Amino acid sequence: MKNILLKYLARFTTLNEEEQQAIVEEILVQEYKKGTVLLRQGDVPTKCYFVLKGCVRQYSINEAGKEVTSNFYTEEQAISIFNSHKQDKSSEYTFTCLEDSVLVVGDLAIEEDMYNKYGQLESMTRKMIEEKFGQVQDEYAAFIASTPEERFKSLLTNRPHLIDRVPQHQLASYLGITPESLSRIKKRVHTDNHEADV
């Protein structure tokens, strides 16, 4: 599992092998059971995460009391909670493990110490966040401009593994549609693909 971390250290830093190993030894890796809540909406986050294995769902409860799924984090994705702009620093989302998961756990209280000790770690984190943020911006712009069917096709292209790993009602919420609409779209897309293959 820690080989994944070494891959990122090699890609985003110029640290030598010994320094990379030292960082990996200091990093906390924990296993979480399916259903574990990492952070509740309204709580103040004290940790950040990086998924080595598993799937974590990000959602919030809206004014009507309904769950709205905004993201799924899977292998090699960082879960960063940006809330420093808020006065009370509380999270607007709940993060729950949808599968048994193995996560790198970063303690926000000692993050600064790690950055001071390993200067390139901060620049690596920044580069990873910038890369991810660019992707999120592009995905969001495409999401807003697309129809539900286009969103589903985009998911099939970019994150096909989610379709079998995530409950359908949560997937529908993520796509901004009802579970019934998702079912119809899946049938239509499957039929179109089948006809194209014939």
Side-chain angles (χ1 to χ4, degrees), residues 31-45 47-83 85-86 90-105 128-129 131-198:
E31 292 184 22
Y32 294 91
K33 288 275 172 221
K34 177 181 177 176
T36 302
V37 176
L38 301 173
L39 177 70
R40 285 188 196 286
Q41 186 175 348
D43 288 353
V44 176
K47 304 202 172 353
C48 56
Y49 304 92
F50 183 82
V51 183
L52 293 175
K53 181 175 175 285
C55 181
V56 176
R57 174 184 172 224
Q58 173 184 321
Y59 68 94
S60 57
I61 308 289
N62 66 15
E63 291 81 20
K66 199 170 161 220
E67 287 185 4
V68 180
T69 301
S70 44
N71 210 345
F72 297 101
Y73 298 89
T74 53
E75 286 75 15
E76 297 191 40
Q77 290 189 316
I79 304 171
S80 303
I81 299 122
F82 297 105
N83 64 345
H85 62 287
K86 291 180 68 189
S90 64
S91 172
E92 291 179 25
Y93 305 100
T94 294
F95 295 84
T96 305
C97 296
L98 286 185
E99 302 171 346
D100 290 347
S101 301
V102 180
L103 310 175
V104 172
V105 183
M128 286 172 73
I129 287 169
E131 196 175 85
K132 178 66 186 160
F133 189 66
Q135 283 174 352
V136 168
Q137 277 185 317
D138 293 345
E139 283 170 16
Y140 186 69
F143 183 87
I144 292 299
S146 59
T147 66
E149 190 161 323
E150 287 167 340
R151 287 176 204 162
F152 179 71
K153 285 179 176 174
S154 171
L155 188 76
L156 274 179
T157 304
N158 301 316
R159 303 184 77 184
H161 59 279
L162 285 181
I163 290 161
D164 297 323
R165 293 174 72 175
V166 168
Q168 294 307 287
H169 67 283
Q170 292 176 3
L171 201 59
S173 171
Y174 174 64
L175 294 169
I177 57 178
T178 64
E180 295 74 26
S181 295
L182 175 58
S183 194
R184 282 194 298 272
I185 289 168
K186 280 171 86 172
K187 271 195 196 114
R188 206 161 46 238
V189 169
H190 179 71
T191 303
D192 290 351
N193 287 348
H194 185 68
E195 284 170 3
D197 292 341
V198 173

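Just the heavy atoms: all of them, side chains too, but no hydrogens, waters or symmetry mates, feed the values below. One-based numbering along the sequence shown. Predicted model only: the values in this text are computed from it and were never measured.
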Could you please spell out the steps behind the side-chain contact (heavy atoms from CB on, under 4.5 Å) verdict for Leu175 and Phe152?
CA-CA 7 Å; Leu175 294 169; Phe152 179 71; 4.1 Å; yes

What pairs with [X] under salt bridge (Lys or Arg N to Asp or Glu O under 4.0 Å), at least two apart in sequence or on another chain?
| X | result |
| --- | --- |
| Glu31 | none |
| Lys153 | Glu149 |
| Glu150 | none |

Do Glu92 and Arg40 sit within salt-bridge range, that is, some charged N less than 4.0 Å from a carboxylate O?
no

Looking only at heavy atoms, what is the nearest atom pair of [X] and [Y], with distance?
| X | Y | answer |
| --- | --- | --- |
| Arg159 | Phe72 | NH2-O, 2.5 Å |
| Thr74 | Gln77 | N-OE1, 2.9 Å |
| Gly42 | Ser90 | O-CB, 3.3 Å |
| Pro148 | Ile185 | CB-CD1, 3.7 Å |

Minimum side-chain heavy-atom gap [X]-[Y] below 4.5 Å:
| X | Y | value |
| --- | --- | --- |
| Val189 | Leu156 | yes |
| Tyr73 | Gln58 | yes |
| Ser91 | Asp43 | no |
| Cys97 | Leu38 | yes |
| Leu98 | Pro167 | yes |
| Gln168 | Lys186 | yes |
| Val51 | Val102 | no |
| Cys55 | Val166 | yes |

Under a 3.5 Å distance rule, please check whether [X] uses its side chain to pair with a backbone N or O of [Y] as donor and acceptor.
| X | Y | value |
| --- | --- | --- |
| Ser146 | Ala142 | yes |
| Arg165 | Gly54 | yes |
| Asp100 | Lys34 | yes |
| Ser173 | Leu171 | no |

Does Val56 form a side-chain contact (heavy atoms from CB on, under 4.5 Å) with Tyr49? I'd like the steps, not just the answer.
CA-CA 10 Å; Val56 176; Tyr49 304 92; over 6 Å; no

Rounded to the nearest 0.5 Å, how far does OG of Ser70 lie from CZ of Phe95?
7.0 Å

Thr178 and Ser181: side chain donor to acceptor below 3.5 Å:
yes

For Tyr93 and Tyr59, what are the C-alpha separation, side-chain angles and deciding distance, and is it a ring-ring contact (aromatic ring centres under 6.0 Å, His included)?
CA-CA 5 Å; Tyr93 305 100; Tyr59 68 94; 9.2 Å; no

Test log, rule side-chain contact (heavy atoms from CB on, under 4.5 Å), inputs Val37 and Thr94
CA-CA 7 Å; Val37 176; Thr94 294; 4.0 Å; yes

Using side-chain hydrogen bond (donor to acceptor under 3.5 Å, both in side chains), reason through Thr69 and Gln170 one step at a time and then give a plain yes or no.
CA-CA 6 Å; Thr69 301; Gln170 292 176 3; 5.4 Å; no

For salt bridge (charged side-chain N to carboxylate O under 4.0 Å, His left out), just list the numbers for Lys53 and Glu75, CA-CA rounded to whole Å, side-chain angles, deciding distance to a tenth of an Å, and then say yes or no.
CA-CA 5 Å; Lys53 181 175 175 285; Glu75 286 75 15; over 6 Å; no

Measure from NZ or CZ of Arg151 to the centre of the six-membered ring of Phe143 and say whether it is under 6.0 Å with the direction within 45° of the ring axis.
yes

